[in-house]
Amino acid sequence: MDDKITIITSTAVPLPVENVDTDQIIPARFLKATSREGFGDNLFRDWRFDKEGRKIESFVLNDPRYSGSILIAGKNFGSGSSREHAAWAIHDYGFRVVVSSFFADIHKNNELNNFVLPVVVSEEFLSELFDTVFANPEAKICVDLPAQTITNLSTGHSEMFDINPYKKHCLINGLDDISYLLSRKDDTEAYERTARLW
Amino acid sequence: MGKTLFDKIWDAHAVNVIDGGPTQLYIDRHYCHEVTSPQAFDGLRRRGLRVFRPERTVCSPDHNIPTHDQDKPIADPVSRNQVDTLNNNAAEFGLDIFGIGHPRNGIIHVIGPENALTLPGYTIVCGDSHTSTHGAFGAVAFGIGTSEVEMVLASQCILQPKPKSMRITINGTLRQGVTAKDVALYIIAKMTTSGATGYFVEYAGDVVRDMSMEERMTLCNLSIEMGARGGMVAPDETTFAYLKGRDFAPSGDSWDEAVAYWRTLPSDEDARFDAEIHFDAADIEPRVTFGTNPGMGIGISEPVPPNCGENEAERAGYSRALKYMGFEEGRTLEGVRVDYVFVGSCTNGRFEDFRLFAELVKGRRKAPGVIVWLVPGSRKVMAQIRQAGIDKTLAEAGFELREPGCSACLAMNDDKVAPGKLCVSTSNRNFEGRQGPGSRTVLAGVPMAAAAALTGYITDPRKL
């Protein structure tokens with residue numbers, strides 16, 4: 001992946017549902033592919049399309065008023081299965097930031113490993129973002145990774161978010177963990193010589 | 001200050017700690033299945049890498065495989081391709097694989113322990129959230145994404161932030177008819193589906209100490225359903241007795257050396273946890289779930305609780321779940337008609353589960369009209385069932401045993417619950433559509449599944 005994330009200013013897609021599990025983000029029957037591409041077509045498949053494959057108009061991804069590279073979701077986003085396909089689907093669909101008040105651990109790691117930035121905000125700020133975007137789908141939000149801030153440009157309200165410095169460095173510079181681990185192979189071999197290995 | 005079981009294992013595997021960042025953690029055992037690995041192997045090829053320590057990875061296809069006619073090619077070409085891809089990748093990169101029909105094939109979280117590929121003190125990862133199962137042996141075991149699978153293949157290490165620690169102690173004596181599954185579903189309901197996120201959990205107390213290894217695996221398996229990174233139980237005599245003599249267990253002097261080391265692993269008495277939670281065994285009765293996440297559960301005698309979400313999103317989620325399931329607040333689930341029963345999965349697909357099911361159905365008959373899938377977690381489990389003659393008991397009661405695999409747990413193979421139908425399932429997730437588009441899942445233990453299979457309704461197994 002050749003992405004980098006620094007400052008993203010965009011309109012947003014609101015999904016005020018809590019406990020969105022990865023089975024909803026990408027149902028298991030779509031996990032049979034052996035490549036990383038094309039999962040965006042089936043993002044939220046069973047919420048987006050009915051059994052006959054027709055669009056469910058009431059679902060936000062089918063609502064032409066909403067678009068942008070920021071997804072705003074309810075608490076505990078990405079629970080359940082470890083499937084990285086969920087992060088691939090989110091990225092492939094075009095999202096670069098997911099904002100929520102709480103993320104499930106494995107999915108959060110998967111987003112970070114795929115250049116999708118999980119931004120954790122307070123319940124109050126999340127609720128304000130939903131209100132703003134529902135009132136005005138054109139409203140923009142600015143996520144500044146170097147400064148670790150997220151700003152509701154309609155109200156000027158801003159919040160800091162946490163990210164570990166290593167991952168921040170990776171996202172800003174387009175680096176992945178494997179390059180780091182490969183550069184540490186000598187340490188790994190030294191570890192193997194002293195560790196208790198069965 | 002003393003150290004926890006988790007800290008002892010984590011610290012012993014830390015190759016490096018990045019300043020202000022994650023730990024470079026050495027991985028002793030990596031399990032690989034067909035769904036979450038193909039893109040990782042592609043990554044290796046793209047980078048021109050080999051697998052760094054091939055002897056530490058073991059592969060077994062499980063998610064896609066049909067649970068009948070395993071001697072024939074898989075009919076679904078997409079599933080077949082994914083399984084073939086795993087076979088080809090294992091061959092290309094020199095990895096052990098227990099393919100379909102191999103005497104060691106089965107669900108990866110069943111075969112690891114039963115072959116002693118999982119050992120106390122190990123760090124264990126797999127591209128699968130139920131990797132927490134292996135924590136039952138006193139291992140640090142957790143699920144990872146495919147990018148991380150690639151990291152492990154390439155370097156035998158992974159970068160992970162160190163989670164916080166939590167101890168959940170369950171003391172007292174379990175009431176009659178209450179299983180490890182009920183204990184887990186009770187804990188998850190109390191903790192909620194996200195209540196342990198950010199934590200690695202150690203289970204302790206009388207109840208856990210008295211559990212068999214198979215029960216401990218059921219308990220640890222479900223840790224992820226309350227958001228925990230993993231769950232674990234301190235290794236003890238029960239652990240050692242289970243492992244001794246199994247295919248890949250250390251033997252001779254190295255067995256003694258291993259046991260001596262494993263005895264040093266339990267949390268020190270003065271170890272401190274970031275969170276301590278206590279439950280009383282007497283409060284737990286056989287459980288069922290009524291909603292669309294494993295935290296939405298009740299005792300079989302309890303009514304579906306009222307919608308008391310703290311905000312609009314929570315209340316909307318609750319209503320949506322009840323509407324999806326077709327259940328009403330204030331009503332118990334007893335007497336609800338059941339269309340399917342599934343016994344199996346990495347949660348409840350081991351020998352003890354089928355032995356218990358057989359004990360309960362012995363001398364009775366399967367209810368007409370209920371489709372019952374009994375799916376052993378592995379070929380070895382299947383062999384044990386036959387050896388013990390349990391297959392005959394099951395057949396006499398009108399039940400048929402299928403071949404091993406993940407089966408109806410996640411609808412990636414032929415075993416799918418039809419839209420709108422209700423399944424009492426011993427698996428681990430009741431998400432919308434988990435067992436097939438539009439399927440409705442009630443999670444429960446083996447006795448509840450047996451009671452539903454015999455009566456055709458959700459029935460308190462203690463009334464059988």
Side-chain angles (χ1 to χ4, degrees), chain A residues 16-19 21-24 27-29 31-36 45-47 51 74-76 79-88 102-107 109-110 113-114 123 126-127 130 164-167 169 176-178 180-182 184-185 187-188 190-192 195-198, chain B residues 12-13 15-16 18 20-22 24 26 28 35-36 38-39 42-43 47 52 64 78-79 81-82 85 119 127-129 143-148 150-151 154-157 159 161 163 193-194 197-198 227 229 250 254 258 261 293 313-314 316-317 410-412 419 429 431-434 437-438:
Chain A
V17 181
E18 298 196 341
N19 301 316
D21 58 76
T22 54
D23 272 80
Q24 307 315 314
R29 63 185 185 280
L31 308 187
K32 299 186 184 192
T34 53
S35 74
R36 286 175 184 246
R45 175 73 199 198
D46 292 341
W47 289 356
K51 283 197 280 287
K75 188 168 77 180
N76 195 28
S79 59
S81 156
S82 64
R83 59 189 68 166
E84 193 162 312
H85 313 65
W88 299 336
F102 198 90
F103 286 85
D105 279 334
I106 303 179
H107 180 70
N109 270 351
N110 287 340
N113 284 332
N114 286 281
E123 289 290 349
L126 185 69
S127 153
F130 278 133
N164 88 52
Y166 166 81
K167 266 296 163 196
H169 174 78
D176 68 23
D177 288 350
I178 294 185
Y180 174 86
L181 288 168
L182 292 174
R184 295 300 174 123
K185 245 180 193 170
D187 294 351
T188 308
Y191 169 85
E192 285 177 325
R196 182 191 304 274
L197 298 173
W198 268 283
Chain B
H13 289 81
V15 176
N16 279 304
I18 299 175
Q24 179 186 348
Y26 190 84
D28 293 314
V35 181
T36 55
Q39 296 85 352
D42 272 352
R47 293 171 203 257
F52 183 58
N64 275 278
V78 192
S79 285
N81 178 54
Q82 206 168 43
T85 303
L119 293 174
D128 194 292
S129 59
I144 57 176
T146 300
S147 296
E148 294 167 314
E150 189 179 340
M151 289 176 211
S155 71
Q156 207 53 44
C157 290
L159 293 176
T193 190
S194 59
T197 303
R229 206 69 186 84
S254 57
Y261 168 58
N293 74 53
E314 254 179 55
L410 86 169
M412 282 197 75
R429 285 186 177 136
F431 297 150
E432 284 180 32
R434 171 78 178 183

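Just so you know, these numbers come straight off a predicted model, no measurement behind them.
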Hey, which of Ser127(A), Ala195(A), Ala86(A), Gly80(A) has the most heavy atom pairs under 4.5 Å with chain B?
-> Gly80(A)
Select, from Ile18(B), Leu410(B), Asp128(B), Thr36(B), the one with the greatest count of heavy-atom pairs under 4.5 Å involving chain A.
-> Ile18(B)
Shortest non-hydrogen pair, Ala12(B) vs Tyr191(A), comes out as O-OH, 2.6 Å
Which distance, rounded to the nearest 0.5 Å, do you find between the CG of Asp23(A) and the CZ of Arg434(B)?
-> 4.5 Å
Closest-packed option against chain B by number of heavy-atom pairs under 4.5 Å, given Asn164(A), Val17(A), Leu31(A) = Leu31(A)
Give, as side chain, backbone, both or neither, the part of Asn76(A) having an atom under 4.5 angstrom from any heavy atom of chain B.
-> side chain
Flag side-chain contact, heavy atom, 4.5 Å: Trp88(A) against Gln39(B) | yes
Write down the atom of Ser82(A), the atom of Ser129(B), and the distance for their closest heavy-atom approach.
-> OG-N, 3.3 Å
Are Asn113(A) and Glu148(B) close enough that some pair of their side-chain heavy atoms sits under 4.5 Å apart?
-> yes
Provide the closest heavy-atom pair for Ala33(A) versus Pro38(B) in the form atom of the first, atom of the second, distance.
-> O-CG, 4.3 Å
Looking only at atom types and distance, does a side-chain atom of Gln82(B) sit under 3.5 Å from a main-chain N or O of Lys32(A), one as donor and one as acceptor?
-> yes
So which of His107(A), His85(A), Lys167(A), Lys51(A) has the largest heavy-atom pair count under 4.5 angstrom toward chain B?
-> His85(A)
Considering only heavy atoms from C-beta outward, does the side chain of Asn293(B) approach that of Asp21(A) to under 4.5 Å?
-> no
Going by heavy atoms in the side chains, are Ser81(A) and Arg429(B) under 4.5 Å from each other?
-> yes
Verify, without hydrogens or angle tests, whether Glu192(A) (side chain) and Tyr26(B) (backbone) share a donor-acceptor contact under 3.5 angstrom.
-> no
Between His13(B), Gln156(B), Arg47(B), which has the largest tally of heavy atom pairs under 4.5 Å with chain A?
-> Arg47(B)
Check whether Phe130(A) gets within reach of chain B through its side chain, its backbone, both or neither, counting any heavy atom under 4.5 Å.
-> neither
State, to 0.1 Å, how close Asp105(A) and Gly198(B) come at their nearest heavy-atom pair, and which atoms those are.
-> OD2-N, 2.8 Å
Identify the heavy atoms of Thr34(A) and Asp42(B) that sit nearest to each other, and give their distance.
-> O-OD2, 3.4 Å
Which bit of Asn109(A) comes within less than 4.5 Å of chain B, counting heavy atoms only: side chain, backbone, both or neither?
-> side chain
Any side-chain heavy-atom pair of Asp177(A) and Ser147(B) under 4.5 Å | no
Where do Pro437(B) and Arg29(A) come nearest, in terms of heavy atoms and distance?
-> CG-NH1, 3.6 Å
Pick from Ala313(B), Ala316(B), Gly21(B), Gly317(B) with the largest number of heavy-atom pairs that fall under 4.5 Å of chain A = Ala313(B)
Proximity breakdown for Ala104(A) and chain B, heavy-atom pairs closer than 4.5 Å = backbone
For residues Glu432(B) and Asp46(A), determine if any side-chain heavy atom of one lies less than 4.5 Å from a side-chain heavy atom of the other.
-> no
Within-4.5 Å side-chain heavy-atom neighbours: Glu84(A) and Ile144(B) | no
Top of Ser194(B), Gly433(B), Ser79(B) for chain A proximity - count of heavy-atom pairs under 4.5 angstrom | Ser194(B)
Side chain, backbone, both or neither: which part of Asn110(A) has a non-hydrogen atom closer than 4.5 Å to chain B?
-> side chain
When the 4.5 angstrom heavy-atom criterion is applied to Pro27(A) and chain B, the contacting part is neither
Against chain B, work out which of Gly74(A), Ser79(A), Ser35(A) has the most heavy-atom pairs shorter than 4.5 Å and name it.
-> Ser35(A)
Drop me the distance from Tyr180(A)'s OH to Leu159(B)'s CG, to the nearest 0.5 angstrom.
-> 6.5 Å
When the 4.5 angstrom heavy-atom criterion is applied to Arg45(A) and chain B, the contacting part is neither
